[in-house]
Number of protein chains: 2
Amino acid sequence: MARINRAAAKEKFLRFLEQKNLRMTSQRMAIIDTVFSTDQHFTAEQMLDWARERDQAVSRATVYRTLPLLTESGLVHEMDFGKDYKYYDPNYADSPNHNHIICQDCERIVEFESDKIEKLQGEISQSLGFSLKAQQLRITASCDELKRLGACKNKAS
Amino acid sequence: MARINRAAAKEKFLRFLEQKNLRMTSQRMAIIDTVFSTDQHFTAEQMLDWARERDQAVSRATVYRTLPLLTESGLVHEMDFGKDYKYYDPNYADSPNHNHIICQDCERIVEFESDKIEKLQGEISQSLGFSLKAQQLRITASCDELKRLGACKNKAS
DNA sequence: TAATTTTTGCGTCTCAGTATCAAAAGTTTT
DNA sequence: AAAACTTTTGATACTGAGACGCAAAAATTA
């Protein structure tokens, strides 16, 4: 569950850039530093705010350009929760099996893992005869239930 | 699996309108006629085009106003597939347990049901101790797999 | 028919995200 | 280290789905 080591992430991103003949710049550095200093899901606009606190010279355009690079490099996961903006998940590199509970009342999104669910997802895949590209289990809930889940440390299994 | 009877849908919608002190108009009629004459998922813009073929006097605004009414009345299901527009599903009234396979290459979205998956979803709910509001299993696949699934009539169980 | 309420359509607005493009910064060559 | 070349940046314009405001139109009620 530990979040990916920031230095390791940076290095992996550097290799990715090199391989694509792209350059590491101070703006990109500020963005990935910011990305990997949080555990939370975030939106592009949030990332813009946070990255700017770290380095004033980060523009909206660069954030919107860098997030897809991070996604392509596999360090971050792009996800949609039915809102009209994207969320990014910086925990993807360590634990790719994410399920989400989205509160229908508030803005909260809880990420959880469950051995049981993982096993069931495997069975589902098999029963479909699919080599899945991606799979997403999304549960819409109400605040009460979220609180209850929160009480057991967002871990249900 | 049969799609909801158009007359029945219309009647149900009428009751819904009545109960909310809303009026049945020719525009709304044209829209629900169009909605229940297809089996496919559709977007608001598609519905606008189709409804206009039926009745020129249907405006974009009215479509965007009517679809949420249909959703609220339970006749249609609003769903998002990670695109930046919503899809609507007119099959919802009969068979509320829908799972979707979304092609990552083309625009295709295949809906399927599976007893096995239904059972597994039940188990997942239980293992979470949740009284779910909604649940969505979304599988991202490539065209090849979609074709294969198409070959077995979009029915996997 | 007049008074009241709801609905419509047009146009405007919002908001996330993309595209453009000249200026700036980083490489490479000589 | 200057010139030539490539990539990146930031400001701004643009796009496209959907929401909103408002005056005109339609339906309902009196």
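The model shown is predicted, which means the values in this text are computed figures rather than measured ones.
- An OP1 or OP2 oxygen of dT9(D) is reached within less than 4.0 angstrom by a side-chain nitrogen or oxygen of Arg28(A).
- Heavy atoms from other residues, nucleotides or ligands lying under 6.0 Å from CD of Glu18(B) number 12 at most.
- Taking atom CG on Leu67(B) and atom P on dT8(C), their separation rounds to 12 Å, with Å as the unit.
- Between Arg65(A) and Asn21(A), it is Asn21(A) whose nearest contact on DNA chain D lies nearer the 5' terminus.
- Which of dT7(D), dA19(D), dA16(C) sits closest to the side chain of Tyr64(B) comes down to dA19(D).
- A sub-4.0 Å separation between OP1 or OP2 of dT9(D) and a side-chain N or O of Thr25(A) is present.
- Between the CE atom of Met29(B) and the P atom of dA27(D) there is a distance of 12 Å, given to the nearest Å.
- Note: Phe42(B) and Tyr88(B) have parallel aromatic rings, judged against thresholds of 30 and 60 degrees for the angle between ring planes.
- Between Gln27(B) and dA26(D) there is no side-chain N or O to OP1 or OP2 distance below 4.0 Å.
- Taking CG of Asp33(B) as the start and OG1 of Thr38(B) as the end, the distance is 13.0 Å to the nearest 0.5 Å.
- Considering only heavy atoms from C-beta on, Arg52(A) comes within 4.5 Å of Leu48(A) through its side chain.
- End-to-end axis angle of the helix from dT1(C)-dA30(D) to dT30(C)-dA1(D), using five pairs per end and rounding to 10°, comes to 10°.
- Residue Ala57(A) has its side chain nearest to dG10(D) when only dG10(D), dA17(D), dA16(C) are considered.
- Of the possible polar contacts, none joining the Thr62(A) side chain to the Val58(A) backbone as a donor-acceptor pair under 3.5 Å is found.
- Listed candidates were dA17(D), dG17(C), dT6(D). Nearest to the side chain of Lys86(A) is dG17(C).
- Between the side chain of Arg23(B) and the base of dT28(D), no donor-acceptor pair under 3.5 Å is found.
- We find that CG of Leu48(B) is positioned 13 Å from C1' of dC10(C), with the value rounded to whole Å.
- dG18(D) atom P lies 9 Å from atom CG of Asp84(A), rounded to whole Å.
- Along DNA chain C, the nucleotide nearest Leu17(B) and the nucleotide nearest Arg52(B) are compared for position; the residue whose nucleotide lies closer to the 5' end is Leu17(B).
- Atom CD of Gln56(A) is separated from atom P of dA11(D) by 10 Å (rounded to the nearest Å).
- The nearest whole Å value for the distance from the CE atom in Met24(A) to the C1' atom in dT9(D) is 15 Å.
- Computed from coordinates, the Tyr85(A) OH to dA16(C) P distance equals 8 Å when rounded to whole Å.
- Contact of the Tyr64(A) side chain with the Met47(A) side chain is not registered, since no non-hydrogen atoms from C-beta on lie closer than 4.5 Å.
- Distance, Arg60(A) CZ to dT20(C) C1': 17 Å, rounded to whole Å.
- Note that the CE atom of Met24(B) and the CZ atom of Phe13(B) stand 5.5 Å from one another [nearest 0.5 Å].
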Would Leu70(A) and Phe36(A) satisfy side chain to side chain contact (heavy atoms under 4.5 Å, CB included), going step by step from the backbone distance to the final call?
-> CA-CA 11 Å; Leu70(A) 280 165; Phe36(A) 290 108; 4.2 Å; yes
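- Using a 4.0 Å cut-off, some side-chain N or O of Thr62(A) falls inside it from OP1 or OP2 of dG10(D).
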